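One structure is given below, encoded as structure tokens.
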Amino acid sequence: MALQESYTPSQVEEKVQAEWEKNQSFLAVEEAGREKFYCLSMFPYPSGRLHMGHVRNYTIGDVISRYQHMLGKNVLQPMGWDAFGLPAENAAMNHGVPPAQWTYSNIDYMKTQLKSLGFAIDWSRELATCSPEYYRWNQWLFLRLLEKGVVYQKTGTVNWDPVDQTVLANEQVIDGRGWRTGALVEKREIPMYYMAITEYAEELLADLADLDGWPEQVRTMQRNWIGKSQGVRVGFPHQIDAGGVLWVFTTRADTLMGATYVAVAAEHPLALYAAQNNPALTQFIEECRRGGMSEAEIATQEKKGMATGLSVTHPLTGESLPLWVANYVLMGYGDGAVMAVPAHDERDFAFAQQYRLPIKPVIRSSAGETTPAPWQEAYAEHGVCINSGKYDGLDFAAAVSAIAADLQAKNLGEKKTTWRLRDWGISRQRYWGTPIPMIKCPTCGDVPVPEEDLPVILPEGCVPDGSGNPLKKYAAFLDCSCPRCGGKAQRETDTMDTFVDSSWYFLRYTCPDAGSMVDERANYWMPVDQYIGGIEHAILHLLYARFWTKVMRELGLVDVREPFRHLLTQGMVVAPTFYRQAEDGRKQWFNPVDVEVATDDKGRTVSATLNTDGQPVMIGGMEKMAKSKNNGVDPQTLIDQYGADTARVFMMFAAPPEQSLEWHDTGVEGAHRFLKRLWAFAVDQAAGLHAADLQADADEAVLAARREIHQTLQQALIDFTRYQFNTVVSAAMKMLNTLGRLSGQGADAVRSEGLSILLRLLSPVAPHITQELWSGLHYGVDILQAPWPQVDETALKCDSIELVVQVNGKLRGKVAVTADADKAAIEQAALSEENVQRFISGQTVVKIIVVPGKLVNVVVR
RNA sequence: GCCGGGGUGGCGAAACAGGUAUACGCAGCAGACUCAAAAUCUGCCGGGGGUAACCCCAUGUCGGUUCGAUUCCGACCCUCGGCACCA
């Protein structure tokens, strides 16, 4: 079929997508012995429409998949839906639609969007985490882990909205108040199920060393998050109850002799005990209970404390130390209590200054032997003990060992390893999630649902109203009989954290129809060879998925220790923000598509006006596309107007995958222009292609152009291996520029070769147009089956090369030398260059540095 | 507050292992085509000086290592991501 005269993306894309569909081009089949490549992008939350972040994420994944396909690998690229979660409940409240209905219709729409982008996805493996076929295995594994002791129950802290009588997510707490009610939020302790991820801390930490396909920054973040610290658990005896000991953990046992007070969290039993007959303290603890539970909030709040009036005994000196309650001590970390050494800890120092507590220096640091205000970093350094009695003169390690030994002798301490990592609380007091398969029986207590009764199906018709979990009012779900005694009982209404769903979906893709959680196919495809997703998931999701994989391996379900071999963390898509500020200080945000930007004659942005009223708006910064700033640009407009290939080329060209990408309409037009030029060039040249092989009498300029094409190809092939797709696109643009300028003897042959290289190189990024041109120009039927282009070394050969000449590191001239020139000849040529002569005359040449093929640096004095 | 990134022309960016800073594109300016506009094509395009050859300055700021630093080291400033119930 002849090529159309002009480029019509919608026609081309529809046609090519239909061919892929017909040929089942992306169906992945296990094939023993063939090298597989499992390319996975983080699955989307079905929020309604694709956003730019999705388009970017999945384009990167698709370019990698197609590249690996072109290299001959057996590629699996699946897709599915992270379908449980909070936004569906919010939509239900706003529109009165059940979360299930909202979610399924979003999935339908977003699936057509993904298909229109031409991703090489094996749709036969699609899954949604809200389907019982998927979440039954969450429940099944939960029960296995409960037996194993990895799942257990304890209390945990939640945000409580006292007006709506409901638990709030951190996101729903704004400045310490409930987002709907405006009520001051309180912390509340409730019973929850936990996963003992800390039991796996050592393994999760150690195996990071093997993840050399991960960005170093992500490994560092995980390492710090796990936070292994070696220290000493120290007991402070007290008389509050008989034989009582208050335990604290410290990494600085060498400073124990400098402890001047001890502080506990507001929720600590000793704090609650002390408050019994102390109204002021009760009020203070009440105050500590207000505000959100997030670590950022706690760490940035003003440090406050109050004395309990109680005291504990220093385990080594027998001194009496005051016991304080402090809002900076976290109940969830360690023992919920700390020993305070104001002389050598910044936070303790500030606290001691504020409340006039004694400061006792016990370490000689580079700042000296005292600790005067203001605080200096040096006070926290390791050093030699002073003012510490028998420990004087010991260094850090010796002091820690000696003190730990003495504590141990008194049964008041020992060396201990602790972790910053906390066990994973998976209970959520929400409707739209996997039901936790437990039954509450008044006689038997909490009883697991028998395996044969799985799945516990979530009723899909409920509409949450903001006042707690609707399952609590839904008798058909709630009421049941106890599997143990047969008496009347009620189901657990808490559901699982959605991180559970995303912790193993990549395993289910390998065998979506398996009658068990996973089957043997998982061992063919795993591990994921390349995982692509946002950097914001660097810690939680990736850590939970690693943990889950290790647990499943222990149960004999999979063979791999680690799920993701290589990880690519893509940057955010950001866009300009525009706003007007009302008199009450509130900002009204305007979408970039509704704003006209004025520039000066240098192209600098000077002002912006709103299209609807022509009045000026304020220009904010570049921020992550988000509803809150109304700066999201709908990718559908872009796809409708320019086609999928333009959207893909722009996305890949605008920035390297790991950096944030700034959204500009004009850049999109540039990408579209490039594809139009490519099409026009191909149509124009169609008749002259495949005309002749390159003859020996080709013009020098034609050979130079061929050299340029192969040099550009050489760089582009390297850029593909390191997934730097912006420069791959730039290489394709350069090739088209070079081909467009070609003329003379042999031009036809180079044009034919060059275009075939260009099409194949660009095909992973712009698969539709390159396929259409590939077949339309009769290079072949299916570009997916074409061999990956290779550099012809003979094309790169050149008789003469240009060297840069520097004098003392500054560029002073250029010289041409033959490719085989020796060092002496190069030096000679460099020294005799005219401008170089001017800069070395009257000076002594000290040495000459020759970097072969690149430059000469003449050092003079 | 703690942990981890980023900062290069008017803008997005390039420079893979310390070796020509600004490739490729956008915007802008000039020209061609057109009755005109759009589209398309061609040329120019970091700042300053100079008729020119060429020179000086410039990769967030300050300092260091080196024949040579966007790249390595130290301090600082700004900015973004995460902080366990957003996903």
Side-chain angles (χ1 to χ4, degrees), chain A residues 42 44-45 47 82 85-87 156 158-159 167-173 215 217-218 220-221 223-225 227 293-301 303 328 332 347 420-422 424-425 427-430 497-499 502 534-541 543-544 569 571-572 574 599-605 621-624 653-656 658-664 666-671 673-674 676-677 680 715 718-719 721-722 724 726-727 729-734 737 802-811 814 834-835 838 846-849 851 854-855 857-860:
Chain A
M42 290 181 186
Y45 178 80
S47 55
D82 189 11
L86 202 51
V158 294
N159 303 305
V167 174
L168 298 179
N170 283 340
E171 189 193 48
Q172 299 170 318
V173 179
Q217 50 153 318
V218 176
T220 303
M221 280 192 268
R223 213 171 275 127
N224 293 338
W225 183 264
M293 53 172 270
S294 77
E295 191 183 298
E297 214 165 335
I298 290 162
T300 50
Q301 73 193 355
K303 310 283 174 286
Y328 68 84
R347 208 169 42 182
R420 209 191 77 94
L421 181 68
R422 307 199 296 257
W424 174 16
S427 295
R428 296 291 178 270
Q429 297 68 47
R430 281 187 232 303
D497 181 3
T498 55
F499 274 127
S502 55
I535 181 70
E536 66 271 21
H537 296 291
I539 295 175
L540 292 179
H541 161 62
L543 194 64
Y544 291 144
T569 49
M572 299 168 302
V574 299
T599 55
D600 64 12
D601 34 301
K602 286 225 159 175
R604 271 180 287 235
T605 301
M622 279 285 177
E623 304 201 38
K624 179 178 181 174
F653 181 58
E658 302 199 300
Q659 275 180 39
S660 57
L661 185 153
E662 300 195 9
W663 178 258
H664 288 285
T666 51
V668 178
E669 278 160 32
R673 211 151 32 220
F674 165 61
K676 277 199 295 190
R677 283 205 300 137
Q715 186 57 51
I718 293 168
D719 291 345
T721 63
R722 53 187 181 133
Q724 187 172 295
N726 54 328
T727 48
V729 174
S730 136
M733 289 173 170
K734 267 189 220 180
N737 292 343
E802 190 178 64
L803 293 183
V804 163
V805 187
Q806 298 179 335
V807 177
N808 285 351
K810 283 194 182 267
L811 176 64
K814 291 177 183 179
E834 197 183 345
N835 203 39
R838 280 179 41 208
V846 183
K847 87 175 133 169
I848 301 178
I849 291 152
V851 182
K854 287 245 167 93
L855 63 66
N857 188 13
V858 183
V859 184
V860 296

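We name chains A, B, ... by the order of the sequence lines, and we start the count at 1 in each one. It should be emphasised that the depicted structure is a prediction, and the values quoted were computed from it without experimental measurement.
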Watson-Crick or G-U counterpart of B:rC24, or none if no pair lies under 3.5 Å: B:rG12

For B:rG4, the Watson-Crick or wobble partner whose two distances fall under 3.5 Å: B:rC80

Under-4.0 Å side-chain N/O to phosphate OP1/OP2 contact, A:R673 with B:rC26: yes

Sugar-phosphate only, base, or nothing, as touched by A:K814 at under 4.0 Å among non-hydrogen atoms: base

A:L811 CG - B:rG19 P separation (whole Å): 15 Å

Heavy-atom check, side chain of A:Q217 versus side chain of A:I535, under 4.5 Å: yes

N or O in side chain of A:K847 less than 4.0 angstrom from B:rG68 OP1/OP2: no

Touch class at under 4.0 angstrom, heavy-atom based, for A:S660 against every strand present: sugar-phosphate

Chi-based syn or anti call at B:rA84, which uses purine or pyrimidine torsion atoms and a 90° bound: anti

Whole-Å P distance, B:rA17 and B:rU66: 23 Å

B:rA14 OP1/OP2 closer than 4.0 Å to side-chain N/O of A:N726: yes

Residue matched to B:rA32 through Watson-Crick or wobble contacts both under 3.5 angstrom: B:rU40

side-chain N/O A:N835 vs B:rC55 OP1/OP2, d < 4.0 Å: yes

Note, A:L855 side chain near A:Q806 side chain (heavy atom, < 4.5 Å): yes

side-chain N/O A:N170 vs B:rA84 OP1/OP2, d < 4.0 Å: yes

B:rC3 base / A:N224 side chain donor-acceptor hit below 3.5 Å: no

OP1 or OP2 of B:rC85 under 4.0 Å from side-chain N/O of A:Q172: no

Length of the line joining A:E834:CD and B:rC54:C1', which is rounded to integer Å: 11 Å

Side-chain N or O of A:Q724 closer than 4.0 Å to phosphate OP1/OP2 of B:rA15: yes

Any A:T498 side-chain nitrogen or oxygen under 4.0 Å from OP1 or OP2 of B:rA87: yes

Test item: A:N808 and A:V859 side chains (from C-beta on) under 4.5 Å apart, heavy atoms: yes

Most 5' of A:N159 and A:A671 on RNA chain B, judged by nearest nucleotide: A:A671

Touch class at under 4.0 angstrom, heavy-atom based, for A:H541 against every strand present: nothing

Whichever of A:E802 and A:G809 has its nearest RNA chain B nucleotide further upstream toward 5': A:E802

Listed nucleotide nearest any side-chain atom of A:I718, set B:rC16, B:rC24, B:rA39: B:rC16

Given B:rC67, B:rC85, B:rA84, the nucleotide with the shortest approach to the side chain of A:I849: B:rC67

A:N857 side chain to A:I849 backbone, donor-acceptor under 3.5 Å: no

Neighbour count above 12 (heavy atom, 6.0 Å) for A:K854 NZ: no

A:R722 side-chain N/O to B:rC16 phosphate OP1/OP2 under 4.0 Å: no

Chi-based syn or anti call at B:rG48, which uses purine or pyrimidine torsion atoms and a 90° bound: anti

Side-chain N or O of A:Q659 closer than 4.0 Å to phosphate OP1/OP2 of B:rA14: yes

Polar pair under 3.5 Å, donor/acceptor by atom type, side chain A:E295, base B:rC2: no

4.5 Å side-chain heavy-atom contact, A:E658 and A:P215: yes

Sugar-phosphate, base or nothing in reach of A:P44, heavy atoms under 4.0 Å: nothing

A:N857 side-chain N/O to B:rU66 phosphate OP1/OP2 under 4.0 Å: no

Sugar-phosphate only, base, or nothing, as touched by A:T300 at under 4.0 Å among non-hydrogen atoms: base

B:rC62: pairing nucleotide in any strand, Watson-Crick or G-U under 3.5 angstrom: B:rG74

Touch class at under 4.0 angstrom, heavy-atom based, for A:V158 against every strand present: base

